[in-house]
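Sequence positions, counted from 1, serve as the residue numbers for this chain. All values below were derived from every heavy atom in this structure, side-chain atoms included, with hydrogens, water molecules and symmetry-related copies excluded. Computed from a predicted model, the values in this text were never measured in an experiment.
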Amino acid sequence: MKQVNVKYFAWVRERIGKSSERVETNAETVRQLVVELGEREPRYELAFSDLASLRVAVNHVLADFDSRLENGAEIAFFPPMTGG
């Protein structure tokens, strides 16, 4: 079991209802963490229902959903950024 710090930004934060939390997980990858979170309650399931509309960073570095998780990692979920 590992502990990770999860941060949510923009509409992800709005759907889940919090900006961050510490999570105990058995997940080995970000994708497995998303599955675990989605099984918690409907608001998480909704927030993670379309991974193509999400980006993830692990320890402040853009990553993909197959990135490995280490104990104490910071995981951030946010929508794609657009310029304008």
Side-chain angles (χ1 to χ4, degrees):
M1 181 84 53
K2 57 184 75 96
Q3 292 189 358
V4 295
N5 296 306
V6 183
K7 294 187 174 188
Y8 309 107
F9 294 93
W11 58 259
V12 184
R13 178 185 62 235
E14 292 169 9
R15 289 182 183 171
I16 290 175
K18 58 177 84 173
S19 60
S20 65
E21 64 184 314
R22 189 157 181 84
V23 175
E24 287 193 3
T25 181
N26 288 314
E28 294 296 322
T29 66
V30 173
R31 188 178 310 277
Q32 290 172 351
L33 175 64
V34 166
V35 170
E36 283 184 14
L37 292 170
E39 292 172 345
R40 282 181 159 186
E41 13 178 318
R43 62 189 173 142
Y44 288 92
E45 184 178 12
L46 176 63
F48 294 115
S49 62
D50 180 13
L51 295 186
S53 67
L54 278 177
R55 297 296 177 263
V56 63
V58 177
N59 296 325
H60 304 275
V61 176
L62 283 175
D64 62 42
F65 288 91
D66 294 319
S67 296
R68 302 216 34 96
L69 293 180
E70 300 296 330
N71 190 46
E74 179 184 280
I75 315 304
F77 295 103
F78 49 92
M81 295 168 268
T82 58

Without swapping roles, check the side chain of Asn5 against the backbone of Arg22 for a donor-acceptor pair under 3.5 Å. no
Shortest non-hydrogen contact between Ala76 and Phe9, atoms and distance: CB-CE1, 3.8 Å
Out of curiosity, does Val12 fall in the hydrophobic cluster containing Leu51 (side-chain heavy atoms, cut-off under 4.5 Å, transitive links)? yes
Atom pair CD/CG of Gln3 and Leu69 - distance to nearest 0.5 Å: 13.0 Å
Could you give the distance from CZ (Arg55) to CZ (Phe65), rounded to the nearest 0.5 Å? 8.0 Å
Whether the side chain of Glu36 engages the backbone of Thr25 through a donor-acceptor N/O pair (distance < 3.5 Å, no angle test) should be reported. no
So if you build clusters from Ile, Leu, Val, Met, Phe, Trp, Tyr with side-chain heavy-atom gaps below 4.5 Å, do Ile75 and Val35 land together? no
dist Phe48:CZ -> Ser53:OG (nearest 0.5 Å) comes out at 10.5 Å
Identify the two heavy atoms, one from Phe78 and one from Val56, that lie closest to each other, and give their separation to 0.1 Å. CE2-C, 4.1 Å
Phe77 side chain near Val34 side chain, heavy-atom distance below 4.5 Å: yes
Close side-chain approach of Val6 to Leu33, heavy-atom, < 4.5 Å: yes
Restricting to non-hydrogen atoms, name the atom on Asp66 and the atom on Asp64 that form the minimum distance, rounded to 0.1 Å. N-OD1, 2.9 Å
Using a cut-off of 6.0 Å, state whether more than 12 heavy atoms not belonging to Lys2 lie near its atom NZ. yes
Considering non-hydrogen atoms only, spot the tightest contact between Glu45 and Gly38 and give its length. CB-O, 3.5 Å
Between Arg13 and Tyr8, what is the shortest heavy-atom contact and its length? CB-O, 3.5 Å
Taking atom CD as the centre, does Glu21 end up with more than 12 heavy-atom neighbours from other residues, nucleotides or ligands that are less than 6.0 angstrom away? yes
So which heavy atom on Lys7 is nearest to which on Ser20, and how close? CG-CB, 4.0 Å
